[in-house]
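Contents: one structure, followed by commentary.
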Amino acid sequence: MLSYATRRVLMLIPVLFGMSLIVFSIIRLIPGDPAQTILGTKATQEAIQSLHHALGLDKPWFVQYVSYLKDLLTGDFGTSIRTNAPISQEIWPHLAATMELSFVAMIIAIFFGINAGIISAWKQNSIFDFTAMVIALIGVSMPVFWLGLLEQWGFSLELHWLPSIGRDNIRNAVNPITHFFLIDTLLQGRFDQFWVVIKHLILPSVALATIPMAIIARMTRSSMLEVMRSDYIRTARAKGQRMFWIVYKHSLKNAFIPILTVIGLQTGLLLGGAILTETIFGWPGIGRYVYNAIQYRDYPVIQSGILVIAFFFVMINLIVDILYAVFDPRIKYR
Amino acid sequence: MGESLLKVNDLKKHFPIEGGVLGRTLGHVKAVDGVSFAIEKGETLGLVGESGCGKSTTGRMLLRLIEPSAGRIVFAGKDMTKLAKSELRELRKDIQMIFQDPFASLNPRHTVGRIIEEPMIVHKLGGKKERKKRVRELLEVVGLSSYHAKRYPHQFSGGQRQRIGIARALAVKPKLIVADEPVSALDVSVQSQVLNLLQDLQEQFGLTFLFIAHDLSVVRHFSDRVGVMYLGRIVELGASKELYEDPKHPYTQALLSAVPVPDPNYQNEKIILSGDVPSPSNPPSGCTFHNRCPMAMDHCKTKVPELKELEDGRLTACHLY
Amino acid sequence: MTDPVLDVKGLKTYFFTDDGQVPAVDGIDFHVKEGEILGIVGESGCGKSVTSLSVMGLLPSPPGKVVDGKILYNGEDITYASESRMRQIRGNDIAMIFQEPMTSLNPVFTIGSQLIEAIRIHRKCSKKQARARAIDLLKLVGLPRADELVDEFPHQLSGGMRQRVMIAMAMACDPKVLIADEPTTALDVTIQAQILDLMLKLNRETKTAIIIITHDLGVVAQMCQRLVVMYAGKVVEEGTVKDIYNNPKHPYTKGLIQSVPDMREKKQRLYSIKGSVPKPGSIKKGCQFAPRCEYVMTDCLEQEPQLTGNEHLVRCLLYRE
Amino acid sequence: MLETATNKPPVDPQIEEEKSTPLFSEVWKSFRKNKLALIGALIVIFLILLAFTASFFAPEGINEQKLSMRLQPPSADHWFGTDDFGRDILSRVMYGARISLRVGFIAVMGSIIIGTLLGILAGYYGKVVDMIISRIFDILLAFPSILLAIAIVAILGPSLRNALIAIAIVNVPNFGRLIRSKVLSLKEEEYVVAAKSIGMKDSRILFHHILPNSLAPIIVQGTLSIATAILEAAALGFLGMGAQAPEPEWGRMLSDSREYIQDAPWTVIFPGVAIMLTVLGFNLLGDGLRDALDPRMKH
Amino acid sequence: GCSSNESSSGSGGSKKQTTLVFGRGADSTSLDPAVVTDGESFKVTKNIYDTLVEYKGQTTDVGPGLAESWDISDDGLTYTFHLRDGVKFHDGTDFNAKAVVFNFDRWMTGKKSGKFAYYPSMFGGFKGDKGHIIESVTAKDDSTVVFKLKRPSAPFLKDLAMSPFAIASPTAVKKYGKDYGRKAAVGTGPFKFKDWKSKDTITLVKNDDYWRKGQPKLNKVIFKVIPDNTARLNALKNGEIDLMDGVNPSDIESLKNNKDLELFYRPPMNVGYLGFNVEKEPFNKKKVRQALNHAINKKALIDSFFAGAGEPAKNPMPSNIAGYNDDIKPYDFDLKKAKKLLAEAGYPNGFKTELWTMPNPRPYMPAPQKIAEAIQANFKKIGVDAKIVTMEWSTYLEKVSKGESPMFLLGWTGDNGDADNFLYTLLDKDAIGSNNYSRYANDKVHELLIKAQSETDENKRNELYKKAQVIIHEDAPWVPLVHSKPALVGKKSIEGFKPHPTGSDKLNTVYFK
Ligand SMILES: Nc1ncnc2c1ncn2[C@@H]1O[C@H](COP(=O)(O)OP(=O)(O)OP(=O)(O)O)[C@@H](O)[C@H]1O
Ligand SMILES: Nc1ncnc2c1ncn2[C@@H]1O[C@H](COP(=O)(O)OP(=O)(O)OP(=O)(O)O)[C@@H](O)[C@H]1O
Ligand SMILES: [Mg+2]
Ligand SMILES: [Mg+2]
Ligand code: NI
């Protein structure tokens, strides 16, 4: 188990290295000049040149890459061209914001998705099954940004039930410690703020949860169906076991591996793919952070942002792989 | 009897087990660990043994579908292990294979006609017309009708598919046919049809067979000589009548006694072996059978028995003899 | 004579699929008494497994459904018993082991927990007691290292060991009837011998009635007292093993017995039944075996034969009174 | 005389019955039974017709501005209402079908072609080639696809064509992996071993045995990918990184009329519904095809 | 979450609201005004810092700031400023003449750092550059600073009032070095910098020692980034913010009817235009340019996409700037005339071309893409088939300035309210390669503009500009489209908010009813 985990971690190194190289070269291909962006319409040729020099953009790209890599290894993400701020400080609040949102969305998606899938499989071909699966199909076909807009329109603009943007009350802002506001407010004992934070989470997380929920429900159903046709489930029934336990104990644990795969995949996707939801709900997350940086050609930020996202993506895969071993004892010995 | 058509000498296949941090080789599965035998022209050599003892691997190495780790295979005077790829493809015309699984061994997207024709296309035998004609002939030979050529495999039953597989093997007029469990996936009543068919074909075309099976009765029925394999080695080899009537190696004895005979009046004394077949990745030292052998002696644990000739061509690898 | 523990009368199980109705089991009668071993033989697809699943109430439904007939357990009609009643019977009164030892155990739970579960469903006892019983059971079926095995996962065991575990699980609550659906088909001969031996021993010790379902005539001949021969969803012959082997009446039974090669002597040529097993329901009229029968008469194509005779029953128009 | 002649098995009755090209008819048979899949197929067919005939049937052109008729609610004249230029939304939505379908098909074709090539290289030649290609796939897959697409569009410049290219690139690893694993598993199939054993060349094995048998999963994955490609294109359009004004691309239409959601909700609702239905159609179709083509799913 | 009553009671209980949340589209890049060029940054720094002189009210006329009064020598080369006494920086250090000198030294010697972009563009370069107009800045005593110029400059005072030339605490600048502007921002302004959550909020708190007594009236100002216009407005409607800029014109109509909210219009000091690359076929022909001038229905455009919040433009600069020539008769919307002109130019059937447009809204053009679409439709009517092209902002500027686009939408927001800052900056031949994107070169115009630069007599100067506008109108290198009055919207209860034409507002007079 341990060696399996180490092996997986070691395998990450070339992937991460490759990723950094790809990211680095991709963004150098992006036309547009950060200096021009910074200086805007007031730019003169001279000003651009001296800014280039100040930013080190006039060196050959591999020199830039090597020094970037060197910094990375020491945990230094560099500084934003635009704001001059060290990225390592800037990035965490954004990442935490996205992580909190994704986490809540994933909890919603997993809870409803798995249960809907299980019940659908258990009561295959029933009305519940049919309805749940049609809803799930619509769910996977739903453009998130559209759903987000509709949600915002209905629940916020028309009904005024929930806030439309942001993650906390601007006037009564959460004092960040970990930048996970749910945790921070609890740590500070601010239950009023906690409640506000929850309210802010509802709309975006539901929008974000739709697709994973639908995918998880579908995967759970098909995986459960497959498992429930298997010989060992027949064995369990032949023992006289109750259906409930067969479904929730025997089948679920077996069916969980493919479900885990999609959960992992979807979680990873949420991290970077939340851009659209973040745009609509003014969520100060990592997706928008990088997206904006692309707009401003803020190379170090794009670089580090994408890398961090990819890193988490890979880490989630790793965790999933390790979790496989928890759910499937056969894997440890592979 | 004439020259040996095929001679196999100390053939080995060790599959590496990969794992660890960087995909290092952790060990080897000794799937085949020094097998030697010869097949005369026109005879059938049976190969029996329990699952995983290396029968299929041996069979496939003869066509070099699996590259041998060591050893020599001499077919019709040529050393197969030394052939270049193109020569090898040429030679494969002379050795054909019949597979165990009648469902998996036919491409589901090709018509039966195309499946049978394909070997001829590959080896550029005859023109289009001739090939089509031959396909029809072959279908008749294996007991199907020529109009079956347009059908797809899934429209046939298992027995019929196995006939198609046989027709494909016959298409290039091979000298040797390696039949890897050709009937073990078939129903009893169909199994006998296919066995009869193979027997007929052998008589008609003078075919030479390496007949692999785990069903001892089938092997006895079909083979002239039989080799018994255990953990990648041949433990006993001899003419089938003698071997079945008077098995020498304790494993052969146990194996034969364990087969349930379809006759309620027949009661034999069963030798029940203890334990399971050990894993070929970690075979026991010395005689690989020693840990299950009812007659094991001390030196069986250390010394590997040679395959020795006992009488009239019977070979046994056991320290008792 | 004692009453049968399990008595199946005129059982019909149909599958209602998109392609229409499939009469997988089309009127089957058999019974088994305490301490008896009954064999059911038949070729693939003739409805053996469906019969056993019907008895257990484990048919995949939809599409499967018992449409007619009665299943009596100790005189109680359990054909349409409620699910909760069936749960009490399953495992407790009638237990079952399946063909595939490799897949019949849940891979993600330890052997012990699966055994304990089987015990605690029907017996009120603490986890500890159940565990002790589980270890006893493992010892009973002849597994070494029983107290370590309980904490191991199925994949750590070989096929033969897993089948022993399955038997242990089936025996957990001392069932009156044990249905073994091809318990040794997936196993090697030597292991098969071990398992059969074990079942015989258990039968002798516990007086559990055993129904062995198999296609291997040898297994039946060695194990069973009475035998039911099935063909295309129907019983074609029933009687004591000796009667049937010595004097097979139905042409199918005759053909079947003759088409098996005998290990003890080499037949020149095997007898073979022509054609292959029909899909259930594809023959609408007359005797299901008629198209393959050597002795077919015009009546056979029209009239459906009944099971006749006493003690040695046969379903063939040749024997009509 | 050979006994085989006398022993010839009678022809099974069920063999006689099936006549037409069996694979297709079999697929069609199981597909036909799947009502949802049929609905999906109908939606897709409808969209294709719409795309081809938009210029005949669309009540108005895509770009006829009537600023005096801005933001009219749905009415008999304008079933879907008008947008902020006074353009007829129904017409634009109909033309939009053409754009979305084109993006979907072309992007997916592109990924299939590149993915198949790479997948075959990796799967069939193995070793180092496989290592390199697989790692590249790993790396590409480690980036969230929308982010990668945005980056690519940023390089190429925002336009529908570039969005299409980005989507194609982003989807390459999916197909590449699919083909690779298919090639790897098919390589071990007994009929491929059989082909090898008759002395067939690798290339012939690849093109006659392996590729044709990988077709079904490609078709399925392809159909489902069209759905995602359309969604991705709409997302890029929504972010302003895809289709450019005044192209009536649905995502673009959505983002252009977002600001009117409270005052003129129809400007937002109809393009969204169009996207959803289209994607749904392809998803249903893909699911149906999978059930029909993948024997494992049959029960 | 934030229904409006909850939020208004959010910080002050039942008392009057004293925290203002200002919603805006982008974050600041730095809080050091000297190094930034973007309006978003100035919005904040304007409230932290003061300049020597300040614009009065909603105009660009100059009045006292940190300098109570000043004298100008007759030759226009020496400016003597008398500084206000007793002013302290937020860090407690004194504001005095040395501080002013320190700041100017910092800027004019900062060439190598590449950081101070505004300084050289307003004062002709850095110290040592040929065009640099400041000879020296010296502290005569603690409260007197003397500027010596190399040559007279008419807009000099207006320049000094610009946000980038706000005076920062020398102590803090030295102490924080590179981090100044991010970790610290210390000025003399009405609000003190409290904290900055990157890309999210910047919080300022009241400076109790502000030199304007009784001000500021607010206790706290939070600048909140909500990039999306619609989302920002939603936030305002939900009471999460109090005041915002960047209103979608499309929303203005419904906002007018909203009784909880109030619209504010920023007086225009900008121009949005459609530029032609006069070096490129067929735009090198005057008739073509004039034809296209006739082909655009500016009024419909402004009604639809500015919701009326803009004036149709006829000159390159807005009417409230001295020197504006109101006698010029605009090209009217007349397709026939347009067609005729086109035919005369040799394009009776029109032509194919590209219309480049900005990717995101700018103050002078809130919906550039839509305007492009509308113009595209207009042009189509006279046979000019323009394909809309767009790309990311910096690339756009870069390519347009290299002359790669035939026809483009752009605009300009004035820095200091001087005509020079429009006409010379945008249309002089010296500015080709920087802000003269049309690459328009007319020697007559050049002559007039250069002369005006050093002309210190207001009236004479204005005449020169008027003449230049006539020539420019005739040559038509642009279609001047609009002088937009960017709308801001805030709660009804906001009082004392007077948006300034420069785009950044001092919030010291703002309070809630
Ligand atoms: N490609 C491979 N890689 C690693 N091990 C292999 C490979 N192929 C076969 N083996 C191992 O080699 C051994 C012999 O396999 P082989 O298939 O030859 O047995 P067999 O006698 O044909 O068995 P069966 O009766 O089940 O067909 C087995 O233990 C198997 O696990
Ligand atoms: N779920 C099902 N749906 C439709 N038909 C079925 C189903 N299960 C079984 N059948 C049909 O019932 C018939 C009997 O199947 P059964 O499994 O009982 O055969 P068997 O005698 O056990 O064969 P084998 O030796 O292969 O195990 C088969 O022909 C099969 O087509
Ligand atoms: Mg084998
Ligand atoms: Mg069965
Ligand atoms: Ni709130």
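In the text below, chain A, chain B and the rest are named by the order of the sequence lines, each starting its count at 1. What you see is a predicted model, and the numbers here were worked out from it, not measured in a lab.
Side-chain atoms of C:Thr190 and B:Arg292, non-hydrogen and from C-beta on, do get closer than 4.5 Å to each other. Contact annotation: the side chain of B:His214 never approaches that of C:Val189 to less than 4.5 Å [non-hydrogen atoms, C-beta and beyond]. Side-chain contact between B:Ser192 and C:Gln258: absent, with no pair of heavy atoms (C-beta onward) separated by less than 4.5 Å. B:Pro260 has its side chain out of reach of C:Met223: every pair of non-hydrogen atoms, C-beta onward, lies at least 4.5 Å apart. Residues C:Arg269 and B:Asp200 meet the side-chain proximity criterion, which asks for heavy atoms closer than 4.5 Å.
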Does the side chain to side chain contact (heavy atoms under 4.5 Å, CB included) test come out yes or no for B:Lys270 and C:Leu196, once each step is laid out? CA-CA 11 Å; B:Lys270 286 212 158 66; C:Leu196 293 179; over 6 Å; no
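The number of heavy atoms from other shown groups lying within 6.0 Å of NZ (B:Lys30) does not exceed 12.
Of the atoms belonging to B:Gln199, it is side-chain heavy atoms, and not backbone ones, that fall under 4.5 Å from chain C. At a 4.5 Å heavy-atom cutoff, B:Ser184 makes no contact with chain C through either its backbone or its side chain. Looking at B:Ser240, there are no atoms closer than 4.5 Å to chain C (heavy atoms on both sides), in backbone or side chain. Using a 4.5 Å cut-off between heavy atoms, C:Val241 contacts chain B through both its backbone and its side chain. Residue contact with chain C, scored on non-hydrogen atoms closer than 4.5 Å, involves the backbone and the side chain of B:Tyr266 alike. With a 4.5 Å cut-off on non-hydrogen atoms, B:Ile271 does not touch chain C at all.
Each of B:Asn265, B:Leu255, B:Val190 has some count of heavy-atom pairs under 4.5 Å with chain C, and the biggest count is that of B:Asn265.
Here B:Asp263 contributes atom CG and C:Leu217 contributes atom CG; the two are 11.0 Å apart, rounded to the nearest 0.5 Å. Between the CD1 atom in C:Ile273 and the CD atom in B:Gln191 there is a gap of 11.5 Å [rounded to 0.5 Å]. Rounding to the nearest 0.5 Å gives a distance of 10.0 Å between CG of C:Leu198 and CD1 of B:Ile272.
Taking both residues in full, the closest heavy atoms of C:Asp262 and B:Arg220 are given as O-CG, 4.3 Å, listed atom of the first, atom of the second, then distance. B:Val261 and C:Ala221 get closest at one heavy-atom pair: O-CB, 3.4 Å.
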